[in-house]
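These figures come from a predicted structure and were not determined experimentally.
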Amino acid sequence: MCCSCRTTSGILGRCGCPSWGVLACRGFVVFLCLIRGVKSSGKVVYFTATFPYVVLTILFVRGITLEGAVSGIMYYLTPQWDKILDAKVWGDAASQIFYSLGCAWGGLITMASYNKFHNNCYRDSIIISITNCATSVYAGFVIFSILGFMANHLGVEVSKVADHGPGLAFVAYPEALTLLPISPLWSILFFFMLILLGLGTQFCLLETLVTAIVDEIGSDWIIRWKTLVTLGVAVIGFLLGIPLTTQAGIYWLLLMDNYAASFSLVIISCIMCVAIMYIYGHRNYFKDIEMMLGFPPPLFFQVCWRFISPAIIFFILIFTVIQYRPITYNEYIYPDWAISLGFLMALSSVVCIPGYAIFRIWRSDGDTFLQRLKNSVKASKDWGPALLEHRTGRYALEEGSPEIQPLNPEKQKKEEIGLTIQGSNGQAHSQDSKV
């Protein structure tokens, strides 16, 4: 990047030419993997989710054998207690765990809607949470063993070469790999792993958006031409991602990472906890889980869902706002229009919540605002399991009640005779998503 671009608005204002190879591949690969929906992406994820562990292990073994690796690992394991009161650290930690676990993104709800009704989601959540955190710790050893070698090679402290945010993965670590013998091999392995991790995330997010569009409309036409919907979403995402492939891509990435994937996630997750626990009702929610699992959720989770989790998320949000500082990258100061764009990206998803709430209150029955408000937060009459065989207890239909019809009978019929996804799962998926 030339020096003339390092002005207040130079880098973001003049992005330069995109990397045409990256530009051509990014949308095409995702569309091919999702062209047949969950049946194709599910098979691809078996590879994208497991092969990175192989690469991590290879890089870990290579890293710990390098001179200076111990100093890097000790820097990684040594806590910096002065950061404990920094709200940005807590905000970054919350964003990281939301991003890695998929909380508040909608992907968990989308993929879980394809499960069997009595699937043990409690067991799955425990396994995924432990595996996720263990993987993050393991990856830290891989990263900082190489950075320790780099610091030893340059004769500086590890803190001088350890970048933060996207710069760690896209600048500091690749630069360290260039110092290794046979550096092209390690660079190929590392970036291939990053591509697989990115694709795995992209599969879930794209499938979430496509499924929401198809299930919300629910017509026979859009079900029949779901491939075109997938293509349309992929093309739109492809066009929106063009700035990330330019010479200023790292700056755009940091802007999106700090705003679009930070404030909004914390706000949405806090609203989700409050809405489910205190509007839908914690007793109703616990009974629903007991009906599916066969046992109530443990007391620890009940306390966390009702009190601890909303309180922690709320305080993280408050302290993040109080200690807010405009983002910078190296010596570059983001211009005001970029900061405004970042807030618009953050609000674009959050504003849908109060917007839809106002819409529901306006459409609800009632003579006064209070009556409309009470009716708007009540569950619909057909709320409950999609299949009649699962409608027991308080969800049991009374005699003479109209039978619940699947929203997407075409889709349900196909999946009953289909291969990967059971018909009952598909029907439950479409019905529950709509309700």
Could you tell me whether a side-chain N or O of Thr246 sits under 3.5 Å from a main-chain N or O of Ile242, the two making a donor and an acceptor? no
Minimum side-chain heavy-atom gap Ser349-Ile268 below 4.5 Å: yes
What's the shortest heavy-atom distance between Gly63 and Ile146, and which atoms? CA-CD1, 3.7 Å
Could you check whether any side-chain N or O of Tyr278 sits under 3.5 Å from a backbone N or O of Arg306, counting only pairs where one atom can act as donor and the other as acceptor? yes
Kindly give the heavy-atom pair with the smallest separation between Val158 and Gly148, and that separation in Å. CG2-CA, 4.4 Å
Are side-chain N/O atoms of Tyr280 and Asp288 paired as donor and acceptor at under 3.5 Å? yes
Basic-acidic side-chain contact under 4.0 Å: Arg391, Asp382: no
Check Arg283 with Glu290, please: is the shortest side-chain N to carboxylate O separation under 4.0 Å? no
Can you check side-chain contact (heavy atoms from CB on, under 4.5 Å) on Gln80 and Val89, steps first, answer last? CA-CA 11 Å; Gln80 299 180 17; Val89 174; over 6 Å; no
So, applying ring-ring contact (aromatic ring centres under 6.0 Å, His included) with Tyr173, which one of Phe190, Phe144, Phe191 is it? Phe190
Can you confirm whether or not the ring centre of Tyr138 sits under 6.0 Å from the ring centre of Phe60? yes
Closest non-hydrogen atom pair, Tyr122 against Phe295: CD2-CZ, 3.9 Å
Tell me whether Trp383 contacts the main-chain N or O of Tyr395 through its side chain, where contact means a donor paired with an acceptor under 3.5 Å. no
Return the orientation label for the His390 and Phe117 ring planes: parallel under 30°, perpendicular over 60°, tilted otherwise. parallel
Quick one: pull up CE in Met292 and NZ in Lys287 and give me the separation to the nearest 0.5 Å. 14.5 Å
How close do Gly107 and Cys204 get, heavy atom to heavy atom, and via which atoms? CA-SG, 3.5 Å
Would you please classify the geometry between the Tyr332 ring and the Tyr334 ring as parallel, tilted or perpendicular, with 30° and 60° separating the classes? perpendicular
